[in-house]
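Please read these numbers as outputs of a predicted model, since none were measured by experiment.
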Amino acid sequence: MKTLNNDINEVLVSEADLKKINARLGAQITEDFRDKNLLVVGILKGSVYFMTDLTRNIDLPLKIDFLAVSSYGSGTRSSGSVKIIKDIDIDLEGYDVLLIEDILDSGRTLQYVSKMLSARNAKSITICTLLDKPARRVVDLTPDYVGVDVPDEFVVGYGLDYDQQYRNLPYIGSLKREIYE
């Protein structure tokens, strides 16, 4: 019987580690956004697990919204072309926006989204990424909050996918090369 776990080369971030990361980031965000008008914007689909767990660790009033953005298609590398599939519904004026991303690698998507949302009169734009892959960065972008750095491997689980699969793994693992080559 085929299982998703059989396709994983190595677990990079365990389920227990993810809980600790969410608690740490949630506490820091709670402190940093105290007395602010917080709007948390998740970038779909990959951030949904992270955003759900993270916001449960933020002890502040907040609103949520989502953007659906594509730059990968079904491949393993960003195309460099960012397409907005679903835009946010809330007017950003007066909000301190916290962008939630599953992984920051090339930086193109988050740079594009940050500029787009900044033009909508948000009070501030802050970036929180679960995973940072600085080895792949092609734009000058530094996130404000990082869960953990990961090596330059193709990672899946906890929202991250390969061709819309593996999102439901409760951890983050490196995908065996033969699966995606």
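A donor-acceptor pair under 3.5 Å is absent between the side-chain atoms of Arg108 and the main chain of Tyr112, judged by distance alone. Proximity of a side-chain donor or acceptor of Ser106 to a complementary backbone N or O of Arg136 within less than 3.5 Å is not detected. Listed for the Ser114 side chain is no donor-acceptor partner under 3.5 Å among the backbone atoms of Gln111. At distances below 3.5 Å, at least one donor-acceptor pair connects side-chain atoms of Asp65 with backbone N or O atoms of Ile90. For Asp17 (side chain) and Val13 (main-chain N/O), no donor-acceptor pair under 3.5 Å exists by modelled atom type. A donor-acceptor distance shorter than 3.5 angstrom exists from the side chain of Asn57 to the backbone of Asp53, with no hydrogens or angles considered. Of the possible donor and acceptor atoms, none in the side chain of Asn9 sits under 3.5 Å from a partner among the backbone N and O of Leu175. Formation of a donor-acceptor pair under 3.5 Å by the Asp105 side chain with backbone atoms of Lys133 is not found in this model.
Annotation for Lys176 and Ile8: closest pair CE-O, 3.6 Å, computed over non-hydrogen atoms. Considering all non-hydrogen atoms of both residues, Cys128 and Leu54 come closest at SG-CD2, 3.9 Å.
Tested against Leu131, the residues Val146, Asp102, Ile103 include a single side chain to side chain contact (heavy atoms under 4.5 Å, CB included) partner, Ile103.
With contacts defined as side-chain heavy-atom distances shorter than 4.5 Å, the pair Leu130/Leu104 does not qualify. Between Thr126 and Val97 the shortest side-chain heavy-atom distance does not fall below 4.5 Å. Two residues are said to be in side-chain contact when any heavy atoms from C-beta on lie closer than 4.5 Å; Leu92 and Leu39 meet this criterion. In this structure, Ser70 and Val82 have side chains that are not in contact, with every pair of non-hydrogen atoms separated by 4.5 Å or more. By the 4.5 Å heavy-atom criterion applied to side chains, Phe50 and Tyr158 are counted as neighbours. Residues Val69 and Leu44 are not in side-chain contact: their nearest non-hydrogen atoms beyond the backbone lie 4.5 Å or more apart. Residues Leu110 and Ile43 meet the side-chain proximity criterion, which asks for heavy atoms closer than 4.5 Å. Considering only heavy atoms from C-beta on, Leu62 stays 4.5 Å or farther from Asn37 through its side chain.
Other residues, nucleotides and ligands contribute at most 12 non-hydrogen atoms within 6.0 Å of the CG atom of Asp59. Within 6.0 Å of CZ in Arg34 there are more than 12 heavy atoms belonging to other residues, nucleotides or ligands. Lys20 NZ: 12 or fewer foreign heavy atoms inside a 6.0 Å radius.
For the side chain to side chain donor-acceptor pair (under 3.5 Å) test, no residue two or more places apart in sequence or in another chain qualifies with Glu15.
Using a cutoff of 4.0 Å between basic side-chain nitrogens and carboxylate oxygens, Asp89 and Lys86 are scored as salt-bridged. Using a 4.0 Å cut-off between a side-chain N of Lys or Arg and a carboxylate O of Asp or Glu, Arg167 and Asp161 qualify as a salt bridge.
Side-chain contact of Lys63 with Tyr95: a donor-acceptor pair under 3.5 Å is present, judged by distance alone. Side-chain N/O atoms of Glu101 and Thr129 include no donor and acceptor closer than 3.5 Å. In summary, the side chains of Ser124 and Asp96 do present a donor paired with an acceptor at a separation below 3.5 Å, with no hydrogens or angles considered. For the residue pair Tyr145 / Asp132, no side-chain donor-acceptor distance below 3.5 Å is found, with atom types taken as modelled.
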Original post:
Which is it for Leu67 and Met116 under the side chain to side chain contact (heavy atoms under 4.5 Å, CB included) test, yes or no, and what are the steps along the way?
Top reply: CA-CA 11 Å; Leu67 271 170; Met116 179 186 82; 3.9 Å; yes

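Aromatic ring centres of Tyr162 and Phe154 lie closer together than 6.0 Å.
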